[in-house]
There are 2 protein chains.
Amino acid sequence: MPAKATLPGAVASLGLREEAFDAPRRFDKGARIFRRGDPVRGVFLVLEGEVRLCRFGARGEEVILQRARAGEILAEAALDSPRYHCDAIVTEAGEFIRLSASVLRAMLDSDAQFARKWAGMLSGELRRARARLERMTLKSAADRVRHYLATEGRGPACETTISGSLKDLARELGVAHETLYRTIADMERRGELERAGRRLRFRRPAV
Amino acid sequence: MPAKATLPGAVASLGLREEAFDAPRRFDKGARIFRRGDPVRGVFLVLEGEVRLCRFGARGEEVILQRARAGEILAEAALDSPRYHCDAIVTEAGEFIRLSASVLRAMLDSDAQFARKWAGMLSGELRRARARLERMTLKSAADRVRHYLATEGRGPACETTISGSLKDLARELGVAHETLYRTIADMERRGELERAGRRLRFRRPAV
DNA sequence: CGTCGCATTGATATCGCTCAAATCCGGTGG
DNA sequence: CCACCGGATTTGAGCGATATCAATGCGACG
């Protein structure tokens, strides 16, 4: 579980002005912070917990567009839209701050320092989205696990502690959870992977 | 084939200063504008033709991270990196302008107008990347075609004229080209889709 | 306890990938 | 004008990996 981000820290990192944000609000698991089609009133900074941007297909299948955890910002790309194009669903109860869309727009126009940091954050998000995209083009579940570790892991063994359940990871990787269980078990059996609870890493430094 | 973007138009749209860019340079198909690991010297504005950001997997399989055509900017996310993290390959000969990384960084720091536009462009890219991501989570090829039309198409029938070959579209959709041919043929047979050369659209407005 | 959701394993069906082959089409050179 | 060539387009056949359906164990929680 990631540390709870402090408001001052988060504000300092972006150089936000005071009028830009509301007081933190608590949300329970399952709550919707906004829905598709709602007018854009803000962008959300996650202090604690987890929120996902989701769309739902014709048959109700969920698609995760973004996962934001403590310290991360949700729906940054919405700032240029009049309306949200997806739902924001709380998947882990916590606290969130709304950053006013109008104030952010004003700051982007006037505060070069802030605009620079904002652009930097967008670049990072873009890179991460492209990494996920690359991962999704891999056909085999094992390759996706390898790519996930190589991308998200730390150190030579690409160690990661998965947040949430394996089921969640399966959805993130775009495979059925049964397939993920089997794949991980296979990779462990072959000595390619080590798993201890929610900790995953390569046994032999791959790639 | 998209119209050739004019330098003044492209510059005006972003409010670039003169010292920010070089003279246009021609590139032939297959040329590499930069390679993975090269130090980041700039971002590239495509005036004509097409460039792709690609990574290559362990077995040499190509992964398209971005496709930039006339008027679009390539590798915007690289600005915060010291080195490129993928290859830029020309897939359609044309002209490109290098925008100096150092000048862009300076402009981001000092020119709020520019930073605002830059952030807006990043937001757009992010949205597009997330749309592709959403598409890749769809399992069936038909669903991906539908999503592609729904996302990229114009008007009630979601009409699109595909750039490049169907083979290219297949790679963009992450399916084998044979599968795409069959899928499109099936959808036409069922009266769901209409195809005339490179033009695709829904017959019945779906969704 | 009873319930709920995650984790795990088994069995089966299905869809897309792969290999193969035929055709079409635009360009090129004789 | 025609033969030829390379790449795109199609269609066929079969295999294999993954999704799906099912059942069970397990731990948390009220």
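If you're wondering where the values come from, they're calculated on a predicted model, not measured in any experiment. First the proteins, then the strands, lettered A, B, ... as listed; each starts at 1.
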How long is the line joining CD of A/E178 and P of D/dA23, in whole Å? 14 Å
Rounding to an integer number of Å, can you tell me how far B/H177 NE2 sits from C/dT18 P? 10 Å
Counting heavy atoms from C-beta on, name the nucleotide in C/dT8, D/dT20, D/dT9 closest to the side chain of B/S165. D/dT9
What integer distance in Å separates B/L166:CG from C/dT23:P? 21 Å
Rounding to 0.5 Å, atoms CZ (B/R201) and CG (B/L193) come to a distance of 10.0 Å
By nearest heavy atom, map B/D168 and A/S140 onto DNA chain D; which one lands nearer the 5' end? B/D168
Does B/R144 make a side-chain donor-acceptor contact with the base of C/dG16, cut-off 3.5 Å? no
Can you name the closest pair of heavy atoms from B/C86 and B/C54 and give their distance? CB-O, 3.2 Å
When all nucleic acid strands are considered with a 4.0 Å heavy-atom cut-off, which category describes B/T183: base, sugar-phosphate, or nothing? nothing
Is B/T179 touching bases, backbone alone, or none of the nucleic acid, heavy atoms closer than 4.0 Å? base
Audit row: B/R83, B/R36, side chain to side chain contact (heavy atoms under 4.5 Å, CB included) steps and yes/no: CA-CA 7 Å; B/R83 294 179 178 281; B/R36 183 175 199 167; over 6 Å; no
Please report the distance, rounded to the nearest Å, between CG in A/L180 and P in D/dT20. 15 Å
Check whether any side-chain nitrogen or oxygen of B/Y181 sits under 4.0 Å from OP1 or OP2 of D/dT10, and answer yes or no. no
Please find out if less than 6.0 Å separates the ring center of B/F27 from that of B/F96. yes
Could you tell me how far apart A/R182 (CZ) and D/dG16 (P) are, to the nearest whole angstrom? 18 Å
Under the criterion side chain to side chain contact (heavy atoms under 4.5 Å, CB included), I'd like the reasoning laid out for B/R130 against A/E125: C-alpha separation, chi angles, the key distance, then a yes or no. CA-CA 10 Å; B/R130 293 212 174 118; A/E125 284 293 326; 3.1 Å; yes
Is there a side-chain contact between A/K167 and the phosphate of C/dC6, meaning an N or O under 4.0 Å from OP1 or OP2? yes
Would you kindly give the NZ-to-C1' distance between A/K139 and D/dC15, to the nearest whole Å? 16 Å
Base, sugar-phosphate or nothing for A/G174? Non-hydrogen atoms, less than 4.0 Å. sugar-phosphate
In whole angstrom, give the distance that lies between atom CG of B/L138 and atom C1' of D/dT18. 16 Å
Quickly work out the B/I184 CD1 to D/dA8 C1' distance and round it to whole Å. 13 Å
Report which part of the nucleic acid B/G164 touches: base, sugar-phosphate, or nothing (heavy-atom distance under 4.0 Å, all strands). nothing
Check whether any side-chain nitrogen or oxygen of A/R195 sits under 4.0 Å from OP1 or OP2 of C/dT8, and answer yes or no. yes
